[in-house]
Amino acid sequence: MTDEAQRVLVTGAARGIGRATAVRFGRDGARVAINYPPGEREHAEHTAELVTAAGGDPYPVAADVADPTQVAAMAEAVHAEFGPLDVLVNNAGICPFADFFDIDVELWDRTHQVNLRGVFLVTQAFTRQMVAAGRGGRVVSVSSISAWVGGSHQVHYCATKAGISSLMKSLAIVLAPHGITCNAVLPGTVETDINREDLARPGKREMFAQRIPVGHTGVPDDIAGAIWLLTRPEAGYVNGAELLVDGGMFVNLQ
Ligand SMILES: NC(=O)C1=CN([C@@H]2O[C@H](COP(=O)(O)OP(=O)(O)OC[C@H]3O[C@@H](n4cnc5c(N)ncnc54)[C@H](O)[C@@H]3O)[C@@H](O)[C@H]2O)C=CC1
Ligand SMILES: C[C@H](O)[C@@H]1OC(=O)[C@H](O)[C@@H]1O
C-alpha cells in the first residue's frame, strides 16, 4: 500500500452501511467507487455528495453484483478510472424476510445470487487486477452475526452469510502471497432499510435492546469504522478473520 490517495470500491454503497463506509474512506481523501444497482442512481448520487463533502473523490458505478456481465463492465470502468484498487469492500446484500415454508426457489436463488455469488464475482474481477498490479491490498466482506446463528425468517439469508465468511477464509489463503488480506466483518443488528419493517414489529426493538449489552442496536458508522480499521497498515497481519461488531449481543446468553 502506498501514501497516495487510496482507491476503494464499496459495493451496495447507495444506502445504509455501504454509504457510511464510502463516506468513512472519503474522510481520508480516498477515491471511492460507489457501486449501486441499476435503479438506485439517485441514492448513489447522494452518497457521492456525502463523500465529496467528507473530502473524498467519488465515482458512482452501476452494476447488479449478481450479474457477471455487469460486474465485468464495472471492473473495466473502475480500472479505467482508478487503476487497480487498494481496498475492496463487498457490502451489497438483501434480506427478504420470509417464513421457511414460503421460500420458493426463486427467492432462495436471488438471495444467494446477490449475497454470495456477488461477493465471488466482484472479488474475482477486482483481485485479478490487484494481483496483476502487484501492489497488495485489502478485501473486506460484510458477512453477519447470521453467519454464526440462525434466524427463523432468514433461513435463506443466513446460509449466504456463512458462505461469505467461508469464502473470505479460502481467499485469505489464495491472496496472501500477493499481499492481499481477506477478512469478514459481522454486524449484529443495525437499523437500515434492510430491516426497518422487521424492527417495527411489536416488541422487536425492545427484544434487541435487552439482548445487546451496550443497550441499543448499531448505526451504520459502527460497521464502517470496523471495516476501515481492517484496511489500516496496522491490520496487515489480520487475515481470514471474522470480526463480530454487535455490541456484545452474541455473547449475551444468560
Ligand atoms: N442492517 C443490519 O442489521 C445488518 C446488515 N448486514 C449486511 O450489511 C450489508 C448492507 O446492508 P444494510 O446497509 O443494512 O442494508 P440496506 O438495505 O440499507 O443496503 C443494502 C445495499 O445493497 C445494495 N444492493 C442490493 N442489491 C444489490 C445488487 N444486486 N447489486 C448492487 N447493490 C445492491 C442496495 O442498493 C443498498 O445500497 C448487507 O450485506 C447486509 O446483509 C449484516 C448484518 C446486519
Ligand atoms: C436484516 C437483519 O435485521 C439483520 O441482518 C443480519 O444479518 C442480522 O442477523 C440482523 O438480523
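In listed order, ligands and their atoms are each counted from 1.
For Pro220, the closest heavy-atom approach to ligand 1 does not fall below 4.0 Å. Ligand 1 lies out of reach of Ser146, whose nearest heavy atom is not under 4.0 Å from it. Distances shorter than 4.0 angstrom occur between a heavy atom of Ala63 and an atom of ligand 1.
Remark: minimum distance from atom 2 (C) of ligand 2 to any protein heavy atom is reached at Gln154 NE2, 3.4 Å. Among protein heavy atoms, the minimum distance from atom 42 (C) of ligand 1 is reached at Ser143 O, 3.3 Å. In this structure, the protein non-hydrogen atom closest to atom 5 (C) of ligand 1 is Ile17 CD1, 3.8 Å. Of the protein's non-hydrogen atoms, Val142 CG1, 3.4 Å is the one closest to atom 8 (O) of ligand 1.
Numbered from 1 in the order shown, with element, the atoms of ligand 2 that lie under 4.0 Å from a heavy atom of Tyr157 read 5 (O), 6 (C), 7 (O). Interface atoms of ligand 2 facing Ile194, defined by a heavy-atom separation under 4.0 Å, are 1 (C). Using a 4.0 Å cut-off to heavy atoms of Ser144, the atoms of ligand 2 that qualify are 6 (C), 7 (O), 8 (C), 9 (O). Remark: ligand 2 atoms within the under-4.0 Å shell around heavy atoms of Gly188 are 8 (C), 10 (C). Interface atoms of ligand 2 facing Ser146, defined by a heavy-atom separation under 4.0 Å, are 6 (C), 7 (O), 8 (C), 9 (O).
To the nearest 0.5 Å, atom CZ of residue Phe120 and atom CD1 of residue Ile164 are 13.5 Å apart.
No part of Asn115 comes within 4.0 Å of ligand 1, judged by heavy-atom distances.
Note on Glu81 versus Arg7: no salt bridge recorded, every NZ/NE/NH1/NH2 to OD/OE distance being 4.0 Å or above. Salt bridge status for Asp86 with Arg135: present, with a side-chain N to carboxylate O gap under 4.0 Å. For the pair Glu106 and Arg110, the salt-bridge criterion is not met [side-chain N within less than 4.0 Å of a carboxylate O].
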